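Since the model is a prediction, treat every value here as computed from it, not as a measurement. Order of appearance sets the numbers: ligands from 1, and atoms from 1 within every ligand.
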Amino acid sequence: MAASLSRYLVEQQRAKQNIPPELRLLLEVVARACKGISHAVNKGALGGVLGSAHSENIQGEVQKKLDIIANEVLIEANEWGGHLAAMASEEMDTIYVVPNRYPQGEYLLLFDPLDGSSNIDVNVSIGTIFSVLKKPESSDKVTESDFLQPGRAQVAAGYCVYGPQTTLVLTVGDGVAMFTLDREQGSFVLTQENVRIPEDTREFAINMSNMRHWDKPVADYIAECLAGSSGPRGKDFNMRWVASMVADVHRILTRGGVFMYPWDKREPDKPGKLRLMYEANPMGWLVEQAGGMATNGNQRILDIQPTLLHQRVSVFLGSKNEVARVTAMHQTA
Ligand code: P6P
């Protein structure tokens, strides 16, 4: 019988001592919250949860009702357990410190509660992305600066994709495991471990409508892919773009590929669209743990020293040899 998430976490701790009880509690609570979000997402129009919330987040993006519901589910599930000191979310301007009525723990939880929310109303896969850091020993009262740690400091990261299946994908630094939600049991069941991304691929993911805004290295790389077997690559490429990072990354973890959201001229002051702390860092670690690569075009994403909680970053991630190629093209530009 396939292991449940809880059994996997216990056995991982027994074998590798990398999931202390408080972290196991955190991951089980996050998984339970994702189950609740999946239930709300699956209700769709029947649950009156579609459409706009008629409010904006710090990114200046219109919030969907489900964005706010997912954020509240994660806050309420995690604030009382005693495993967290504070949380940070794409949907909240500042950090959420665990209220004094609850014990404070040693972990910091960051999340994009519902990534890809532009897809909610059209019934395309969306997901929750999360990242776990340790609260610095030094700080007594947790502040935003305690969150500003490079991605290589993460102790756990994952996402839950709400698609044809609801699948939780997780790393604690010893490879990547996938758990599929068994709705009859109401539990996540281990369906794959030691996930590996093929080092080569014929599939790229980028929003092609931005082509005229790209920097030369990206334009040159995509031109090579489009030239196909008669061009310098000597092979034809396929393109996918779900406009839901969780769905695109899940495909890449499952069959390889390269995902790109580069800087472009539309908003030259922004380094990219995606957020470092709760999108690029967790996804970058998952991809590396599965044998892939993740850069911002110039350096490893996990080595970037954050300066702002909601800072953005260019993202190139996936099959190692393709990410290395497009990153090298940025060095010679
Ligand atoms: P565009 C979703 O809004 C998101 O943050 C990522 O999940 C996704 O990869 C990207 O933005 C899509 O952006 O510009 O193609 O709509």
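The existence of a salt bridge linking Arg255 and Glu203 is confirmed by a sub-4.0 Å separation between a basic side-chain nitrogen and an acidic carboxylate oxygen.
Residue pairs that meet the side-chain hydrogen bond (donor to acceptor under 3.5 Å, both in side chains) test with at least one member in residues 19-33, sequence neighbours left out, are Ser6-Glu28.
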Sub-3.5 Å pairs, protein N or O with ligand 1 N or O:
| unit_1 | atom_1 | unit_2 | atom_2 | d |
| --- | --- | --- | --- | --- |
| ligand 1 | 7 (O) | Asp115 | OD1 | 3.1 |
| ligand 1 | 7 (O) | Asp115 | OD2 | 2.6 |
| ligand 1 | 7 (O) | Met245 | N | 2.7 |
| ligand 1 | 9 (O) | Met245 | N | 3.4 |
| ligand 1 | 11 (O) | Lys273 | NZ | 3.0 |
| ligand 1 | 13 (O) | Lys273 | NZ | 3.0 |
| ligand 1 | 14 (O) | Tyr261 | OH | 2.6 |
| ligand 1 | 15 (O) | Asn207 | ND2 | 2.8 |
| ligand 1 | 15 (O) | Trp241 | NE1 | 2.9 |

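Linking Ile, Leu, Val, Met, Phe, Trp and Tyr whenever their side-chain heavy atoms come within less than 4.5 Å leaves Leu276 and Met87 in two separate clusters. Under the 4.5 Å side-chain heavy-atom criterion for grouping Ile, Leu, Val, Met, Phe, Trp and Tyr, Leu286 is not connected to Leu26 through any hydrophobic cluster.
Ring planes of Tyr8 and Phe179: perpendicular class, angle over 60° (limits at 30 and 60°).
Exactly one residue among Leu110, Leu148, Leu109 makes a side chain to side chain contact (heavy atoms under 4.5 Å, CB included) with Leu133. That residue is Leu110.
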